[in-house]
Amino acid sequence: MHAMQYELTLPADYDMGIIRGRVARVGHLLDDWDGLGFKTYLLRERGVHGSPVNQYAPFYLWNTVEGMNRFLWGGAFQRLADDFGRPEVRQWTGLAYEEGGAAAAGSSAVVAVRSRRPIPEGVELAAAMEDAVGETRRLAGEDGAVLAAAAVDPHRWELVHFSLWEHDTPKAEGDVFQVLHVSEPGRGALPRGRQW
């Protein structure tokens with residue numbers, strides 16, 4: 001499992017209706033993408049949920065590197081780069097994934113929460129990764145949780161926690177995003193629990 005995200009930070013007076021329209025037009029194109037667990041089309045609006053910026057920032061969980069590479073190098077990502085410039089693409093190695101109770105009830109996601117934090121020098125790595133797995137389990141068990149995941153970037157020694165929620169009062173801390181669309185062709189195939 002591989003996590004991936006890029007952020008397009010837009011001007012303060014940008015018409016975010018343009019992003020909503022774009023997702024409405026093209027969001028379905030990844031609904032059957034081979035190798036994709038899920039893609040969440042995420043939006044932050046300045047002043048909403050405490051966001052200081054306007055931002056379009058999709059978050060992906062990939063089942064296969066081949067699916068991710070086909071997206072990045074096969075032309076789909078190029079269209080975004082042509083329209084907005086080429087953003088930095090962050091990637092993390094998957095640590096844990098859990099479905100939440102709201103997923104079993106068939107609820108759809110309204111908001112997402114992403115938390116990134118450094119792993120301090122001197123911390124025992126095995127313990128830090130087990131803590132991340134435990135936090136994923138805890139988040140998925142909260143009322144209203146659709147799913148939760150954790151991943152790590154061993155280049156920057158950064159942990160990322162990602163969760164989807166059926167209501168706009170999530171029980172997670174971090175940057176809150178509005179969910180515009182979810183493509184989830186391989187979500188059912190994402191391995192549950194700890195990834196090693």
Side-chain angles (χ1 to χ4, degrees), residues 1-7 30 35-42 44 49-51 55 57-65 67-69 71-72 88-104 107-179 182-196:
M1 183 178 81
H2 304 277
M4 184 179 93
Q5 186 176 38
Y6 47 87
E7 300 171 337
L30 269 70
L36 176 62
F38 67 79
K39 174 184 180 177
T40 53
Y41 296 76
L42 304 178
R44 291 172 74 195
H49 297 294
S51 177
Q55 196 172 65
F59 190 93
Y60 304 72
L61 271 186
W62 294 95
N63 282 319
T64 69
V65 172
M68 180 174 65
N69 285 344
F71 173 78
L72 288 170
E88 177 182 303
V89 178
R90 301 289 308 275
Q91 294 183 33
W92 301 268
T93 300
L95 293 174
Y97 175 77
E98 299 288 350
E99 290 279 312
S107 297
S108 51
V110 174
V111 298
V113 179
R114 183 210 57 210
S115 170
R116 294 188 309 217
R117 63 180 176 83
I119 303 168
E121 184 68 37
V123 168
E124 182 186 338
L125 295 175
M129 299 310 120
E130 286 296 345
D131 288 347
V133 171
E135 177 65 2
T136 303
R137 209 174 298 118
R138 184 195 71 76
L139 287 169
E142 292 286 353
D143 183 46
V146 175
L147 60 82
V152 63
D153 173 352
H155 173 71
R156 292 185 168 130
W157 291 113
E158 176 186 68
L159 280 172
V160 63
H161 284 279
F162 181 80
S163 51
L164 291 178
W165 302 86
E166 70 174 348
H167 50 69
D168 63 359
T169 54
K171 295 181 180 173
E173 294 183 10
D175 296 322
V176 179
F177 298 84
Q178 299 168 53
V179 176
V182 180
S183 293
E184 48 191 357
R187 183 169 147 196
L190 285 167
R192 303 302 193 267
R194 181 178 154 192
Q195 304 291 307
W196 74 95

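Note that the structure is a prediction, hence the values are computed from the model and not measured.
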Between [Y] and [X], is there a side-chain heavy-atom distance shorter than 4.5 Å?
{"X": "Tyr6", "Y": "Pro58", "value": "yes"}
{"X": "Glu166", "Y": "Val111", "value": "no"}
{"X": "Leu36", "Y": "Tyr60", "value": "yes"}
{"X": "Val160", "Y": "Asp153", "value": "no"}
{"X": "Trp157", "Y": "Leu125", "value": "yes"}
{"X": "Glu99", "Y": "Arg187", "value": "yes"}
{"X": "Glu135", "Y": "His161", "value": "yes"}
{"X": "Trp196", "Y": "Met129", "value": "yes"}

Gap separating the [atom1] atom of [X] from the [atom2] atom of [Y], nearest 0.5 angstrom:
{"X": "Glu130", "Y": "Leu95", "atom1": "CD", "atom2": "CG", "result": "9.5 Å"}
{"X": "Glu98", "Y": "Arg138", "atom1": "CD", "atom2": "CZ", "result": "13.0 Å"}
{"X": "Lys171", "Y": "Leu139", "atom1": "NZ", "atom2": "CG", "result": "11.5 Å"}
{"X": "Gln55", "Y": "Arg44", "atom1": "CD", "atom2": "CZ", "result": "5.0 Å"}
{"X": "His2", "Y": "Trp92", "atom1": "NE2", "atom2": "CH2", "result": "13.5 Å"}
{"X": "Leu147", "Y": "Leu190", "atom1": "CG", "atom2": "CG", "result": "8.5 Å"}

Original post:
Should the pair Glu88-Arg156 be classified as a salt bridge under the 4.0 Å nitrogen-to-oxygen rule?
Top reply: yes
Subject >> Cationic N near anionic O, under 4.0 Å, Arg90 to Glu158 >> reply: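 Result for this pair is yes, salt bridge flagged.
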Closest heavy-atom contact between [X] and [Y]?
{"X": "Thr136", "Y": "Ala150", "result": "OG1-CB, 3.1 Å"}
{"X": "Ala112", "Y": "Leu42", "result": "CB-CD2, 3.7 Å"}
{"X": "Ala3", "Y": "Ala151", "result": "CB-CB, 4.0 Å"}
{"X": "Leu164", "Y": "Ala109", "result": "CB-CB, 3.9 Å"}
{"X": "Ala128", "Y": "Leu159", "result": "O-CD1, 4.4 Å"}

Original post:
Once the angle between the rings of His167 and Trp165 is folded into 0 to 90°, is it parallel (under 30°), tilted (30 to 60°) or perpendicular (over 60°)?
Top reply: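 Rings of His167 and Trp165: tilted, as their planes differ by 30° to 60°.
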Original post:
With distance as the sole test, does Gln195 use its side chain to make a donor-acceptor pair with the main-chain N or O of Gly193 at under 3.5 Å?
Top reply: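 Between the backbone of Gly193 and the side chain of Gln195 there is a qualifying donor-acceptor contact (under 3.5 Å).
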Original post:
Are Tyr41 and Phe59 close enough that their ring centres sit under 6.0 Å apart?
Top reply: no
Original post:
Under the side chain to side chain contact (heavy atoms under 4.5 Å, CB included) criterion, do Leu61 and Phe162 qualify, and how do the steps go?
Top reply: CA-CA 10 Å; Leu61 271 186; Phe162 181 80; over 6 Å; no
Without placing hydrogens or testing angles, list every side-chain donor-acceptor pair under 3.5 Å for residues 113-120, not counting sequence neighbours.
from	atom 1	to	atom 2	distance (Å)
Arg114	NH1	Gln5	OE1	2.8
Arg114	NH1	Glu7	OE2	2.5
Arg114	NH2	Glu7	OE2	3.4
Arg114	NH2	Asp175	OD2	2.6

**OP:** Begin from the C-alpha positions of His49 and Thr169 and carry the test side chain to side chain contact (heavy atoms under 4.5 Å, CB included) through to its verdict.
**Re:** CA-CA 9 Å; His49 297 294; Thr169 54; over 6 Å; no
**OP:** Given side chain to side chain contact (heavy atoms under 4.5 Å, CB included), test Glu184 with Lys39 step by step and report yes or no.
**Re:** CA-CA 6 Å; Glu184 48 191 357; Lys39 174 184 180 177; over 6 Å; no
Original post:
Phe38: what forms a ring-ring contact (aromatic ring centres under 6.0 Å, His included) with it, not counting sequence neighbours?
Top reply: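 Partners of Phe38 under the ring-ring contact (aromatic ring centres under 6.0 Å, His included) test: none.
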Original post:
So Trp62 and Asn69, side chain to side chain contact (heavy atoms under 4.5 Å, CB included) or not? Walk me through it.
Top reply: CA-CA 10 Å; Trp62 294 95; Asn69 285 344; over 6 Å; no
